[in-house]
Amino acid sequence: MRVWFSHALVLALAVLTAPAVTRAQAPDTVLVNGKIVTVDERFTIAQAVAIRGGRIVKVGTAAEIEALKGPSTRIIDLAGRTVIPGLIDNHAHWVRAAEHDELRFDGVTSRQQALKMLAERVSKTPAGEWVVVLGGWSEEQFTDEPKGFTLEELDRIAPNNPVVVQAVYSHSYLNTVALVAAKIDAGTGDPQGGRIEKDASGKPTGLVQGAGGVAFVAARVPLQNQEAWLANTRKLVAYLNSMGLTAWLDAGGRGMGAKHYEPYRYLSERGELDIRLFWTTIRQPVTPAQVDTVIGEIRELKPFQGSDYFDNVGWGESVFAPVTTQLLRVASNTRPEDLAQMRRLLVALAERGIYVNSHVEMSAAIDAFLTEYESINKERPIKGLRWSFSHLDQVSEAQLERMKKLGMTAQIHSRPLIQGALMHKVHGEKAWDMPPFRRIHDSGIHWGLGSDATAVTTSNPFYTLSFAVTGRMVGGREVNRQSITREEALIAHTRSNAFFLFQEGNLGSLAPGKYADLLVLDRDYLTVPAGEIKDIKPLITMVGGKIVYDAMPK
Ligand SMILES: [Zn+2]
């Protein structure tokens, strides 16, 4: 009775006190009757949200939001559903993905299902055109049969299309048509860092091993034309929206240049980009002479000339290629002459005040990098430039303390989702703490959670959240014992990541003044059994107040 009375009173007061001005500024959209997980500093849970001009104007109780409604306000009845801020990935390589119309095995736990997906894709692809899966899965995620694909299987599925199925960055399976198209035959020698498997008669078996082998094969898949890149980009953005992503920081990749960013620039200039892309410039010099050239480029660099949908924010993730570490290799290169080249580049970046994100994983390399950074900070202070390390799979407490003293931040990734079993083979007992989510969180350093998709993990952010909470890879095997709570994981995948985009005033939580980037979920992230977090799906994805994905039951 009292509830009804107060509700009625509020409505009556709203009608009596609403002047013309208020009505003119009524929200475009309200979401009511829900559980709004704001992820603000107090982790406030509200019932309703009001949006106007792409931004949130109010978050509050049902009555508070009802009172703001105007005659043309769109009302979304949440029917008790949960809303969270749009998920932000702090490190992914999706820009490069537009090179091909890739098939993805994200979260697929059955080998039979993967084969079915391949067959379906082939049936829709004209003869002679390539069908490619470029990483994003591993054999260990299949619970029916944890193995790859034979030449015979792929030939049966695809007698007329070249097919490449690449597992992580580890090896690639090709069919006969692909071997012919890629000019791989009995006479082909092994590429550097790779091996072309051959049978007793010397004929290639379809399996190409090693990171060098994977790169050798990928380089033989012809790039699609720029028109196709635009179509691939639109398709990819829709796919990311459907999984709940509203923004990301792109870490570039090998061979990337201006043309890779063109589809995004084109879409953002037309107001047609339904996701926010922030990116760092990547160059991977190998020799001192190449370092000279790149330093010249750094002196001309002007980040932050874009918009809140498309902008360059700095430099990364590989600064000097020879000192780049690998997740599945224990050794790191800490040769002084190579670190000296990295230092030259970093000093040039520090002099320009440019943000730098560096890829580093193994303990010895983290130490060596920190020693350089500390020395650079004495020459040209970097504290205040938000410099970050990405991955940090073996970071120690002492290293985290050194990072904090330099004002550095940490971007941590869910790569064991598909590589966890491989990591245990390579790193043994240590793999249980790679990456050390709990240690990093408890250190108090500013850190965020992301994927490092596409090749080395799945793209789905709910899998990333699930991994941080459960330590389980795709398929269910437990591989990490550094779990954090689901609240900690959600903060790390939203509000904390906004900082890496230089967008903490605009993104990351549901609060007045911030952009209306949000998700309506099909189940409650905070209360579903932990094992179901990975299965959560958005029903609505909204970016800047625009519904970019809609699966809401009508
Ligand atoms: Zn990386």
Side-chain angles (χ1 to χ4, degrees), residues 88-97 134-136 138 166 168-170 193 211 214-215 218 248-256 260 277-286 313-334 338 342 345-346 349 355-366 368-370 373 386-395 399 403 408-420 422-423 426-427 434-437 440 447-459 461 464 467 492 497 500-501:
I88 301 170
D89 199 321
N90 64 40
H91 190 117
H93 301 273
W94 288 311
V95 169
R96 186 180 50 188
L134 296 173
S138 75
Q166 173 190 323
V168 203
Y169 266 127
S170 164
V214 165
W248 90 94
L249 182 60
D250 200 275
R254 197 190 301 116
M256 282 183 64
H260 285 85
L277 162 62
F278 302 88
W279 53 283
T280 46
T281 301
I282 187 162
R283 298 285 178 273
Q284 295 175 289
V286 178
V313 299
W315 196 268
E317 67 172 309
S318 166
V319 176
F320 184 59
V323 295
T324 304
T325 59
Q326 275 184 27
L327 183 58
L328 298 178
R329 201 173 62 199
V330 174
S332 342
N333 171 17
T334 55
D338 288 334
M342 179 180 82
L345 290 156
L346 290 170
L349 289 157
Y355 163 74
V356 180
N357 170 41
S358 251
H359 162 121
V360 62
E361 291 138 329
M362 300 308 146
S363 181
I366 298 169
F369 279 37
L370 278 170
Y373 280 50
R386 301 191 181 189
W387 282 16
S388 56
F389 281 148
S390 263
H391 314 315
L392 288 173
D393 298 86
Q394 289 188 346
V395 76
Q399 289 166 339
M403 286 178 66
M408 292 188 67
T409 57
Q411 300 171 9
I412 310 301
H413 306 118
S414 58
R415 301 179 299 177
L417 267 170
I418 63 169
Q419 301 192 65
L422 292 167
M423 287 165 65
V426 174
H427 300 287
M434 293 173 59
F437 293 111
I440 292 165
W447 79 281
L449 182 60
S451 68
D452 197 15
T454 57
V456 296
T457 192
T458 151
S459 301
T464 292
F467 179 71
N497 280 345
F500 299 120
L501 313 179

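Just so you know, ligand 1 is whichever comes first in the structure, and atom 1 is the first atom listed for that ligand. Both backbone and side-chain heavy atoms feed into the values below; hydrogens, waters and symmetry mates do not. Being a predicted model, the structure only gives us computed values, none of them experimental.
Side-chain contact between Val426 and Val330: present, with at least one pair of heavy atoms (C-beta onward) separated by less than 4.5 Å.
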Are Tyr355 and Phe278 close enough, and set up right, to give a ring pair (Phe, Tyr, Trp, His ring centres under 6.0 Å), and what steps lead you there? CA-CA 12 Å; Tyr355 163 74; Phe278 302 88; over 10 Å; no
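For Trp387, there are no side chain to side chain donor-acceptor pair (under 3.5 Å) partners, not counting sequence neighbours. Checked against salt bridge (Lys or Arg N to Asp or Glu O under 4.0 Å), Glu361 has the following partners two or more places apart in sequence or in another chain: Arg415. Take His260 and apply the side chain to side chain donor-acceptor pair (under 3.5 Å) test, not counting sequence neighbours, and it matches Glu99.
Ordered by chain and number, Glu317 OE1, His359 ND1, His391 NE2 make up the set of protein N, O or S atoms under 2.8 Å of the Zn ion (ligand 1).
Between His391 and His91, the ring centre distance stays below 6.0 Å.
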